[in-house]
Amino acid sequence: MINKLVEYRLVNIIAMKLFLIFMLCSCSNQIVQEEIDGKWSLCKIEYNVGIELYNVCPEIEFAKDGQGKILISSKLEVSFTYKLLPDIKKIRFSLDAGRQYFYENEYNYKINIENNLEILEISSRSGKKTYILSRVK
């Protein structure tokens with residue numbers, strides 16, 4: 001009888017720990033998603049051999065549902081889908097063929113705050129190209 005009671009308590013403790021781990025993982029994904037959601041300006045792309053700066057910065061919008069769009073000009077808009085993998089700091093893109101941005105499907109990302117700007121760096125896995133996006137915090 002005592003063994004069954006001890007076994008029952010151990011099962012409950014293990015179940016509770018698994019539940020807490022699941023909740024922490026899902027909360028971290030939601031926090032990252034909320035950090036990325038919204039509109040960002042793409043004014044700089046860094047390459048191994050130089051930097052590309054824009055006078056008129058394309059606007060990139062990430063929606064909560066995994067949809068996004070790149071507003072290149074008032075007449076040109078490119079839609080995409082994306083998926084965050086926050087545990088490994090990666091983002092996956094799916095765009096139409098002939099795309100101008102995000103040639104690769106999977107990128108590394110990181111978010112920093114500098115002065116009053118949020119900086120989202122999206123880097124190719126090879127490290128040859130980094131998109132620098134920003135927005136006012």
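Keep in mind that this is a model prediction, so the values were computed, not measured. FYI, side chains are in, hydrogens and waters are out, and symmetry mates aren't considered; it's all heavy atoms of this structure.
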Worksheet item: Roughly how far, to the nearest 0.5 Å, is the SG atom of C57 from the CD1 atom of I132?
Response: 12.5 Å
Worksheet item: Going by the angle between their ring planes, with limits at 30° and 60°, are F93 and F102 parallel, tilted or perpendicular?
Response: parallel
Worksheet item: If every non-hydrogen atom of S123 is compared with every non-hydrogen atom of T130, which pair is closest and at what distance?
Response: OG-OG1, 3.2 Å
Worksheet item: What about L120 and I72, same hydrophobic cluster or not, with Ile/Leu/Val/Met/Phe/Trp/Tyr joined at side-chain heavy-atom distances under 4.5 Å?
Response: yes
Worksheet item: Can you name the nearest heavy-atom pair linking Y109 to I91, along with the distance?
Response: CD2-N, 3.9 Å
Worksheet entry | Pairing residues for E106 by the side chain to side chain donor-acceptor pair (under 3.5 Å) criterion, not counting sequence neighbours | R92, R125
Discussion item. Once rounded to the nearest 0.5 Å, what's the spacing between atom CD1 of I70 and atom CZ of F62?
Written reply: 8.0 Å
Discussion item. Nearest 0.5 Å, please: how far is CD in E118 from CG in N112?
Written reply: 10.5 Å
Practice prompt. Kindly compute the distance separating CD (Q67) from OG (S94), expressed to the nearest 0.5 Å.
Written response: 9.5 Å
Discussion item. Can you tell me how the ring of Y131 sits relative to the ring of Y107, calling it parallel under 30°, perpendicular over 60° and tilted otherwise?
Written reply: perpendicular
Fill in: Spatial distance of atom NZ (K83) from atom NZ (K90) [nearest 0.5 Å]
14.5 Å
In a table with atom names and distances, give each donor-acceptor pair under 3.5 Å that connects a side chain of residues 47-56 to protein atoms at least two apart or in another chain.
unit_1 : atom_1 : unit_2 : atom_2 : d
Y47    : OH     : E52    : OE1    : 2.7
E52    : OE2    : Y54    : OH     : 3.2

Discussion item. On a heavy-atom basis, which atom in R135 and which in G38 lie closest, and how many Å separate them?
Written reply: NH1-CA, 3.7 Å
Worksheet item: Do the side chains of I122 and W40 get nearer than 4.5 Å, heavy atoms only?
Response: no
Item to complete: For residues K89 and N108, determine if any side-chain heavy atom of one lies less than 4.5 Å from a side-chain heavy atom of the other.
Response: no
Worksheet item: How many angstroms lie between CG in L133 and NZ in K39, if you round to the nearest 0.5 Å?
Response: 14.0 Å
Discussion item. Set out, in order, the CA-CA distance, both residues' side-chain angles and the distance that settles side chain to side chain contact (heavy atoms under 4.5 Å, CB included) for L117 and V136, then state yes or no.
Written reply: CA-CA 5 Å; L117 288 178; V136 177; 4.1 Å; yes
